There are 2 protein chains.
Amino acid sequence: MDHTTPRQRARLETEAHITQIGNRMIDDEGVAGLSLRAIARELGVVSSAVYRYVQSRDELLTILIRDAFTQIADAVDVALAEERSVETLALTMLKWSRAYPNRWALIYGTPIAGYEAPHEETTVPGTRIMVTLAALVAELTADAEETGQKSAYSADGNALTPLREGLEELGLDYGDDIIMETITIWVAIIGLINGLRFGQFGPGYDDVEGDLMTGVIARLGE
Amino acid sequence: MDHTTPRQRARLETEAHITQIGNRMIDDEGVAGLSLRAIARELGVVSSAVYRYVQSRDELLTILIRDAFTQIADAVDVALAEERSVETLALTMLKWSRAYPNRWALIYGTPIAGYEAPHEETTVPGTRIMVTLAALVAELTADAEETGQKSAYSADGNALTPLREGLEELGLDYGDDIIMETITIWVAIIGLINGLRFGQFGPGYDDVEGDLMTGVIARLGE
DNA sequence: CTGAAAACAAGAGCAGTGCTCACTTTTGTT
DNA sequence: AACAAAAGTGAGCACTGCTCTTGTTTTCAG
């Protein structure tokens, strides 16, 4: 049986409708195009009415950011279930960024001015992929050790302290070399996708984005 | 003798004043805080008056973007004259990003919504550092070859076509391995700085940013 | 079934933005 | 002194987020 009153159901529906419209607005015009007044118009309601459902534009932003993080992390999980490799992870992120470039910018681009992500709301979904990558790197390193190759990172381990603590909070304990390897691969992936999405390399990369990513990942795998 | 009339001089002064205020506003509140009306107030003039000096907010943005690109590229050039290495290049960019985080976001972050960089205006200063990096990589690769180490990148060279063409326009002709190496290092640098500046790794990195960059660069140097 | 309470919606209003346009004042030159 | 160009003015348009007061439903308990 259904324990939701019609009222509650209507509320949830409207909330879902708002986030849906919000997502579409971001897809269409970027985060700057996200307007509560425009949402109100589309809902056929006066502008102040949407404030019954969402406290502020920032709150809606938080919801949309969390959604985007969750979506891309889910996509990566699905793809990794098929083929577990760093390349798959990277190419899946790239593919998602092409499908939703403005959502990509929302989560991996410049922070929104005057907006502070509520940390507890967004940090967890926001770090999922990186944690997955660390696990992947750990697996591969373990394999490499069996075949006799040992990574030799011996720089100042203090540099990794903040990240190591973050992983420890999740109950994970990796060595410095694994963390260093993870962060290197991670920043390369993000950097490449950002460069492509933000047009920093100029035009003409449409057909070679995947190959470029594959090349970078291959280069990082020594 | 001076061939500028007092009138022309006043104009140039006001223009310089406007870009100076604009830079300060971006430093203070990010690109969203760049307001022509606020600039007018600070100039002690009515809002419509600034349109005598700047065609639109976007035009001012273009000026500030070009300035920022030029500034960071100059900083890199100066540092490289002291010590010519990839690490120096990377650390200089990192240092600049710490000094001017909002300007960094302006040039390497999410593109401004509804704003299209005029290409001819910004592309040249925007690619200076990357071109410098390519030259650096080429030098180092040449050194490595003398000592017998040869890089072996042999993936689909088509992926590099757009970049190779970009370099050829500047009269530069590098091999695929050098271009691939350059782009890998480049995206790692940008990715790491973006991650740090945009707070994607969480807090607590303030004292280890340099070590982190050094570690990544070292890892990329095999 | 009725009446109070809670939820929802309306509409005016505030302060801010970029930008335009008709108009006046200042300035430099002939 | 006359005149044209440049600079500055102020009103106005359309938009934004957000608040506050008023009115209207809908829900739910007595």
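To find a chain, count down the sequence lines: A is the first, B the second, and so on, and within it residues start at 1. What you are looking at is a predicted structure, and each value in this text was computed from that prediction instead of being measured.
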Novice: Could you give the CG-to-C1' distance, from B:Leu12 to D:dA6, as a whole number of Å?
Specialist: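 Interatomic distance, CG of B:Leu12 to C1' of D:dA6: 14 Å.
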Novice: Within the structure shown, what part of the strands sits under 4.0 Å from A:Ile39 by heavy-atom distance: base, sugar-phosphate, or nothing?
Specialist: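 It contacts nothing in the nucleic acid.
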Novice: Touch check for B:Arg57, heavy atoms < 4.0 angstrom, all strands: base, sugar-phosphate only, or nothing?
Specialist: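 Sugar-phosphate only.
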Novice: Under 4.0 Å, counting only non-hydrogen atoms across every strand here, what does B:Leu43 touch: a base, just sugar-phosphate, or nothing?
Specialist: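 Nothing, no nucleic acid heavy atom in range.
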Novice: Under 3.5 Å, sequence neighbours excluded: what are the donor-acceptor pairs made by side chains of residues 129-138 of chain A?
Specialist:
from	atom 1	to	atom 2	distance (Å)
A:Thr132	OG1	A:Arg128	O	3.0

Novice: Taking CD from A:Glu13 and C1' from C:dC8, how many angstroms apart are they, rounded to a whole number?
Specialist: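 One finds 16 Å between C1' of C:dC8 and CD of A:Glu13, rounded.
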Novice: Please tabulate, for side-chain N and O atoms in residues 46-53 of chain B, each donor-acceptor pair with protein atoms closer than 3.5 Å (sequence neighbours left out).
Specialist:
none

Novice: Can you check the A:Tyr115 OH to D:dC18 P distance for me, whole Å?
Specialist: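 Rounded to the whole Å, the gap is 13 Å.
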Novice: Between the protein and nucleotides 20-24 of chain C, list every N/O to N/O distance that falls short of 3.5 Å.
Specialist:
none

Novice: Does the side chain of B:Arg9 get closer than 4.0 angstrom to OP1 or OP2 of C:dT27 through an N or O atom?
Specialist: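 For B:Arg9, the contact criterion (side-chain N or O under 4.0 Å from OP1 or OP2 of C:dT27) is not met.
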Novice: Think B:Tyr53 has a side-chain N or O under 4.0 angstrom from the OP1 or OP2 of D:dA6?
Specialist: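 For D:dA6, neither OP1 nor OP2 has a side-chain N or O of B:Tyr53 closer than 4.0 Å.
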Novice: Whole Å only: how far is the CG atom of B:Leu34 from the P atom of C:dG16?
Specialist: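 From B:Leu34 CG to C:dG16 P: 17 Å.
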Novice: Mind checking A:Val46 for me? I need base, sugar-phosphate or nothing, with any heavy atom below 4.0 Å counting as a touch.
Specialist: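 Touches a base.
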Novice: Tell me: CG of A:Leu60 to C1' of D:dC18, nearest whole Å?
Specialist: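 Whole-Å distance recorded here is 15 Å.
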Novice: Without decimals, in angstroms, what is the distance between B:Glu59 CD and C:dC19 C1'?
Specialist: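 Interatomic distance, CD of B:Glu59 to C1' of C:dC19: 14 Å.
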Novice: Run the side-chain hydrogen bond (donor to acceptor under 3.5 Å, both in side chains) test against B:Gln20 and tell me which residues pass, sequence neighbours left out.
Specialist: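 Not a single residue meets the side-chain hydrogen bond (donor to acceptor under 3.5 Å, both in side chains) criterion with B:Gln20.
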Novice: Are any side-chain N or O atoms of B:Thr88 and backbone N or O atoms of B:Arg84, one a donor and one an acceptor, separated by less than 3.5 Å?
Specialist: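 Judged by distance alone, no pair lies under 3.5 Å.
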Novice: Please give, in whole Å, the distance from C:dA9 P to A:Leu36 CG?
Specialist: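 The distance from CG of A:Leu36 to P of C:dA9 comes to 15 Å, rounded to the nearest Å.
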Novice: Taking only residues two or more places apart in sequence, or in another chain, which ones meet B:Arg66 in a side-chain hydrogen bond (donor to acceptor under 3.5 Å, both in side chains)?
Specialist: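 Scan of B:Arg66 (side-chain hydrogen bond (donor to acceptor under 3.5 Å, both in side chains), adjacent residues dropped) gives B:Glu121.
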Novice: Do any pairs count as a ring pair (Phe, Tyr, Trp, His ring centres under 6.0 Å) and have a residue in residues 79-118 of chain A, sequence neighbours left out, and if so which ones?
Specialist: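 Checked against ring pair (Phe, Tyr, Trp, His ring centres under 6.0 Å) - neighbours excluded - the pairs reaching residues 79-118 of chain A are A:Phe69-A:Tyr108, A:Trp96-A:Tyr100, A:Trp104-A:Tyr108.
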Novice: Between C:dT17 atom C1' and B:Glu29 atom CD, what is the distance in whole Å?
Specialist: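 Spelled out: CD on B:Glu29 to C1' on C:dT17 is 13 Å.
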Novice: If you compare every side-chain N and O of A:Ser35 against the phosphate oxygens of D:dG17 (OP1, OP2), does one of them come in below 4.0 Å?
Specialist: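 True: A:Ser35 side-chain N/O within range (under 4.0 Å) of D:dG17 OP1/OP2.
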Novice: So which one's nearest nucleotide on DNA chain C is more toward 5', A:Ala49 or A:Arg37?
Specialist: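 Looking at the nearest nucleotide for each, A:Ala49 comes out on the 5' side.
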Novice: If the test is side chain to side chain contact (heavy atoms under 4.5 Å, CB included), which one of A:Leu36, A:Leu60, A:Asn23, A:Ile63 qualifies with A:Ile18?
Specialist: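 It is A:Leu60, the one option of A:Leu36, A:Leu60, A:Asn23, A:Ile63 that forms the side chain to side chain contact (heavy atoms under 4.5 Å, CB included) with A:Ile18.
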